[in-house]
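Here is the structure we will look at, set down as structure tokens.
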Amino acid sequence: MNASKYYLLAYDVALENLSTLYVYKVPEEQVGLARYLLNQERVPHTISKEPGTTGLKICTTDRSSLLESKLGYEYHAEEAKPSEKTLNRLISSAVRLRFLEEGWVSSVSKIYKPDPSKAKPLINNLALRYEHSVRLTVDDLSSGRKALFIDPTSKIEFTKTLDYISKVYPEQAKEISFIKIKGTPTSFYIVHNEEARESYKEVYSKVAEAISVYQGLKVSFPKNTREVVTATPKSLRLNNILRSKIPNLPLSEKRVVLPLPAEVLVPVGTLENVSLFGSTPSLVIPPEERVEKVKNIASELDLERLDFSGIRVKIGREKLLSITSRDFIEISYSNEELKKLWDWEPTFKNDPSRRRLLLIVKLKADIKTYSDKCLQATQKIYEGLKNRFPEVFNVQYTDVLVSLEDLDAIVSTYSGGYDEKYVVLLYDRDLDKHGNLVGRFELGFAQRGFYPHVIDLSTEDGYDSKIKFKLMNIIRDFAVRVNAVPSAPSPPPQLRGISVVGIDSTIVPLKRSHVYVGVAITLIKPDGSIDYDVKISRLAESDVDVLTSVIRDELRQNPRLLVIVNKSSLDSFLENLGSETLKDCILVSVTKTHSYSRLLAKYNDKFVNLSKTNLFVRLAPSYNGGVQISRYLANTTTYSRGSYEAGTIRPVLFNIAGSIDHDIILQYLQKLTYYAPISKSWLPSIPWPLHKSDKICKKINRILKAAGESSILVDIPQDVWRKL
DNA sequence: GGCTCATTGCCTAGTTGGCT
DNA sequence: AGCCAACTAGGCAATGAGCC
């Protein structure tokens, strides 16, 4: 494919007029009210803290008579030139006001039109899919061009309440556990509790009142209800409010149990709940359709000229923003180089001094049992591993289903005399819906000195193909742990002798709250070879704290580091670490979730996903204490078959800070993204060290959850942690 | 030091479905 | 096993100053 041009789902923005800005100092408790009033009188605004001053300020493009008359605020004309960030927020506010004028409603991070005629019915009208729903952002490209990014989404909402559903769909109703109050985002988990059910007459009105205050909108419950549902709030904050306001509510696992009338409840519109009533519809939006939606919405809303008091913005919506060579770079690579990074075989050496056990175990689920296809699959996995590792591992297999009580017996039967013990846990996700069982097994085996590895058999269809891929992935994963990887991506000359570390964090549940634990994984040593070394950090109260302390620990051992963090911004790290750090060290953050645009190409007059992973769009750099942070949007994956375009690929955001040319760092990061020792069939979309630390964090999270209250005291041997 | 107001942005965590 | 797409929800920081 020869794409002649690249496009963003965005329109050019021209700021035609901006008068003096006004600033109001606002007491904290009135910020929300003030915003509400400003929306009422159509005044674009943003809340920001200007450097060098103290005080919460609402910055507006015009004086607000409501703020002055109703709340008695005094205005100040702002003399300083607004920052680009403030400017972009004001423009974004103006755009959002136009949407609100047209009856759109703000949701968590999107804005949508709750108009049934703009929605498609789902599952026999039980739910609606609102298709007029978008995410909006204003930002600058590196050339200085300003863009309004518009990304279409859907919003799914159930329309029928639980009393109806339990009558018409009694079987499905039993399966629903995640619910919310209709017309609000307040959600609950169903918990059966007789005491709470009995108390409904006394506490109904109090519960409705407390939720109204929490939500800021009126919630009322019918006095006579035929069906009472008992549930705990998902929100910890709401839980605590209810607990203090209504004493004597029954408790379940530290959460209050409430009686709620079924008439006001709907299932939360998750895919899981929708799927109970039939197969879920496809929600993916391919590029052409996505572009059409953006164009339709833009024309319906008349975004061309946004004329608000004190600000006039012109949106060039006649055509999508096509990016010029000033705003992107293409980093090419040779096919041979890619093949070498991707398509390798492990180089296991038989080391008689290290006896390695590979134990294959099927988990015993409580009630249901495994399908024939799953059982066949386990047999194939055993044979595959046995044949693939004749010298390296002693592969053992237990044919019986293993329960948690059997662990000690299993361990004593199989594990004598080995230096390294690996266990592959086979299970069916459908028999362990919430993963509790897997976590407990991982914990149990890790405590007994095994490195646990999990395979889900639920998608087995009885054919060989999937097992083949799974086996290949397991083998490659083990190869990494025992340093049997033939080559790592060679760094560019400027980065020789630098170690690469991926860092992520996860939550540790505590009795009344939680703390964070960080994971640093060194994957590339200074000489360019693989070094699989997992380090678990001390605990800290926030993820930034824990990540910063992990970075500090790593730098103490080796200041020449390329640190990759899973965040969308580097600001908090630069502030904590200081710019001195960047003399030797390179800080990079990467994220898949952001509100920036998709990257599209045009082919045969149609918008399509990019077919290559070499495009990097430059956003305007940001600065923090004089340190330049380069920002790039990059397409890191492709649809493997050109004609198959189910959805629109989401680009990845890179932030780079450091004293080496950022384009060169980017080139190395790109290589690390192609370097995929885990799957032979698919490339990860983020650099491998970060990908790996993310996976290890998830595993640690499962283990600590399974350990429950005593999670901090988990007695897992150090060497197992290090190779987790 | 924690909590409060409201809102946005960015994150985690979980789901289904299609793919190799 | 992994990847992607898509959806849902809540948590927390940011935004500050005052109150207990």
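Within every chain, numbering begins at 1; the chains are lettered A, B, ... in the order of the sequence lines, protein sequences first and strands thereafter. Please read these numbers as outputs of a predicted model, since none were measured by experiment.
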Nearest-neighbour nucleotide for the [X] side chain, [options] considered:
X	options	value
Ser568(A)	dC10(B), dT8(C), dA9(C)	dC10(B)
Lys155(A)	dC11(B), dT16(B), dT8(C)	dT8(C)
Leu271(A)	dA6(C), dC11(B), dA9(C)	dA6(C)
Lys698(A)	dA13(B), dC7(C), dG10(C)	dA13(B)
Thr153(A)	dT16(B), dC11(B), dC7(C)	dC7(C)
Ser187(A)	dG10(C), dC4(C), dT8(C)	dG10(C)
Phe178(A)	dA9(C), dT8(C), dC4(C)	dA9(C)
Thr270(A)	dC4(C), dT8(C), dT8(B)	dT8(C)

Starting from the 5' end of DNA chain C, give me the residue, Ile649(A) or His453(A), whose nearest nucleotide shows up first. His453(A)
Would you say the side chain of Val138(A) lies within less than 4.5 Å of the side chain of Arg89(A), judging by non-hydrogen atoms? no
Are side-chain heavy atoms of Lys612(A) and Asn635(A) found at a separation under 4.5 Å? no
Value in whole Å for how far the [atom2] atom of [N] lies from [atom1] of [X]:
X	N	atom1	atom2	result
Phe149(A)	dT8(B)	CZ	C1'	17 Å
Leu653(A)	dC10(B)	CG	C1'	11 Å
Arg129(A)	dT8(C)	CZ	C1'	14 Å
Leu570(A)	dC11(B)	CG	C1'	15 Å
Arg89(A)	dC10(B)	CZ	P	9 Å
Leu9(A)	dA5(C)	CG	P	14 Å
Phe188(A)	dT8(C)	CZ	P	19 Å
Ile156(A)	dG14(B)	CD1	P	20 Å

When rounded to the nearest 0.5 angstrom, what distance separates CD1 in Ile649(A) from CG in Asn609(A)? 4.0 Å
Just call it for [X]: base, sugar-phosphate, or nothing, with non-hydrogen atoms closer than 4.0 Å on any strand.
X	value
Leu283(A)	sugar-phosphate
Arg598(A)	sugar-phosphate
Arg650(A)	sugar-phosphate
Thr648(A)	sugar-phosphate

Thr506(A) side chain near dA13(B) phosphate (N/O to OP1/OP2, under 4.0 Å): yes
Can you tell me which residue among Thr648(A), Leu599(A), Leu600(A), Val134(A) is in a side chain to side chain contact (heavy atoms under 4.5 Å, CB included) with Leu9(A)? Leu600(A)
Parallel, tilted or perpendicular: which fits the ring planes of Phe478(A) and His453(A), with parallel below 30° and perpendicular above 60°? tilted
Between the side chains of Lys692(A) and Asp477(A), is the shortest nitrogen-to-carboxylate-oxygen separation below 4.0 Å, so that they form an ion pair? yes
5' priority, DNA chain B, between Val284(A) and Asn566(A) [closest heavy atom]: Asn566(A)
Taking for each residue the nucleotide of DNA chain B with the nearest heavy atom, is it Leu136(A) or Lys234(A) whose nucleotide lies nearer the 5' end? Leu136(A)
